[in-house]
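Fair warning: this is a prediction, and the values are worked out from it, not measured in the lab. All values below were derived from every heavy atom in this structure, side-chain atoms included, with hydrogens, water molecules and symmetry-related copies excluded. Whatever order the structure lists them in is the order used to number ligands and atoms, beginning at 1. Residue numbers run from 1 in the order of the sequence given.
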Amino acid sequence: MSFYVTTPIYYVNAAPHLGHAYTTIAADVLARHHRQRGEDVFFLTGTDEHGEPVADAAHALGVEPQELADRNSERFRALAPKIGATNDFFIRTTDPQHMQVVQEVLTRVRDNGHVYMGTYEGWYCPKCADFKAENEVDEGERCPIHHVQLTREREDNYFFALSAFQEPLERLYSEHEDFVGPKSRYNEALSFIKSGLRDVPLTRHKLTWGVQVPWDPEHVFYVWFDALLNYYSALSYAPAPGGGSQSDGVTLTDTPAPARGFWPPDVHLIAKDILRFHTVYWPALLMAADIELPRRVFVHGYLLMDGEKMSKSLGNVLDPFEVIDRFGSDALRFYLLRDVSFGQDGSVSTASFEQRYESELANDYGNLASRSIAMIVRYRDGVVDGGNPDGLLHDDFAGLSERVAELLDRVELTNALDEIWGRVRRLNRYVEEQAPWKLAKDPARADDLDRVLRTLAEGLRVVSVLLHPYLPDSTERLLATLGAPDISLAGAVFGEGSVQKVRALEPLFPKTA
Ligand code: ME8
């Protein structure tokens, strides 16, 4: 089995912010979970470097677009390991191999008869790099997302005959109801399609910062078609996982096999700002190029601060680097996926972050781990008795890993985490109910104490394996302390564990105040 997951490629017109970290973290949770299942995983992220957003930002700073792209792409690349993301490749749309694939595929689209010359006249948002229909324009001719003044464009361009794909797209949506998730976004995309598709410019005449159109060098490709094709082009030159490593664009092994076999993507993760491009333009473009379609696009909501979408152009950003320096990347990963229901919009704030950190990471999980391990060390010298765990918890844990896998198959990242967290809380209640510190005072109850301690060790092991995609660093530390480093999903079965001897544990989530 293989599993291919992508994030959007981010614009390099400014530095990364928490919104970008959010999608990359979510994709990483899926990638890690599928690796736990023993699947071959390819996880792609990267940067979108052509087009107006980047050219305009470079112009404002008085530098060449390539220079700005180099500088900011590096910051996005550096963000990935900081947030614990295990992407297998980092694509840049200025990679020559990518540009070549864009030229090849879009030439094929033209050869297949889906491209014609026409004149575009209408509204355009340089921040979205998007052409806006009359009904999408806010009062004062402003962009509804960025609130900037739209420009009126009149340009002779090559067009992509999107309208010809109306019927094939409607068929795709009726045959594959899970092509877009969640359901509300599926409905939104479908109603956009049903409202009637207009052809879209495939090239830009006025811009030079882009991939040159091979059949008419006066034009560059419209940045969205260049950008979307990253998901396809990457596999033609990225080394397959385990087949070589990437360092500054240089491949370290001699002839690594490219990752071609991973097509089609299993999940494209995006936020709703770029829904139309991924759920309408992208499948139509692939159909026009005779390329197999992705299985699913999952659309998450916005992280909001003060009720507005966090965005570079609005300036209301929270710096993920600062949060991580203070609390660690696990805490950030957990907070974002727990506090904001994945798929919906949600407000984030320092106050709610600190609250989750204290009450859930430090108390529910960190403290459960510390006190359980401290008791095993104190009462039993670290040795865990080899019998079965307490039957009292049997029903609570039965089918848990299957349930988590099922939710993650539907990209319900918050619901899957809720399921696991319910068991963390159950284990805390178990400690209170059983009061092992009382059992320890009564030599006649030594067997009961052994049973409670081994149940806690086993429960901790199972929840930690399941939490691993969300909290990779801390669960690895805890599982090492338990002497049970196996993180495979098959091993996340309560009662089949192998904890025999534990070591002392430093607090997983130290109080920071
Ligand atoms: O749109 N909340 O790049 P971009 C949640 N280059 N997610 C957010 C967010 C927020 N406040 N802000 C950003 C582009 N994101 C194009 C994409 S893909 C072929 C080309 C995340 O830098 C979210 O994933 O504007 C959103 O879709 C993406 O960043 C937009 O990144």
Between ligand 1 and [X], is the shortest N or O to N or O distance under 3.5 Å?
X: Tyr302; answer: no
X: Tyr231; answer: no
X: His20; answer: yes
X: Ile274; answer: no

[X]/[Y] ion pair, N-O < 4.0 Å:
X: Arg295; Y: Asp178; answer: no
X: Asp216; Y: Arg110; answer: no
X: Asp364; Y: Arg356; answer: no
X: Arg171; Y: Glu167; answer: yes

Proximity of [X] to ligand 1 by residue part, where a heavy atom lies under 4.0 Å:
X: Trp224; answer: side chain
X: Asp273; answer: side chain
X: Leu303; answer: both

Enumerate the atoms of ligand 1 whose separation from the nearest heavy atom of [X] is less than 4.0 angstrom.
X: Gly301; answer: 5 (C)
X: His17; answer: 12 (N), 13 (C)
X: His300; answer: 5 (C), 7 (N), 24 (O)
X: Ala227; answer: 19 (C)
X: Thr23; answer: 21 (C), 23 (C), 24 (O)
X: Asp48; answer: 6 (N), 16 (C), 20 (C)
X: His278; answer: 18 (S), 19 (C)

### Query
Would you call the rings of Phe165 and Phe160 parallel, tilted or perpendicular, where under 30° means parallel and over 60° means perpendicular?
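Ring orientation of Phe165 relative to Phe160: parallel.
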### Message
Once you measure the plane-to-plane angle for Phe277 and Trp224, does it fall in the parallel (<30°), tilted (30-60°) or perpendicular (>60°) bin?
### Response
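If you compare the ring of Phe277 with that of Trp224, the planes turn out parallel.
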### Task
Using side-chain hydrogen bond (donor to acceptor under 3.5 Å, both in side chains) as the criterion, point out the one residue from Arg35, Glu476, His33 that pairs with His468.
Glu476
### Task
Compare all side-chain heavy atoms of Glu360 with those of Phe334 and state whether any distance is below 4.5 angstrom.
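Counting from C-beta outward, Glu360 and Phe334 do come under 4.5 Å.
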Without placing hydrogens or testing angles, list every side-chain donor-acceptor pair under 3.5 Å for residues 189-199, not counting sequence neighbours.
residue	atom	partner	partner atom	Å
Ser191	OG	Asn187	O	3.4
Ser191	OG	Glu188	O	3.2
Ser195	OG	Phe192	O	2.7
Asp199	OD1	Leu162	N	3.2
Asp199	OD1	Ser163	N	2.9
Asp199	OD1	Ser163	OG	2.6
Asp199	OD2	Tyr116	OH	2.6

### Message
Heavy atom to atom 8 (C) of ligand 1, shortest distance: which of Gly51, Pro8, Gly19 holds it?
### Response
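Looking at heavy atoms only, the winner is Gly19.
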### Task
Could you tell me the separation between the OG1 atom of Thr94 and the CD atom of Glu49, rounded to the nearest 0.5 Å?
3.5 Å
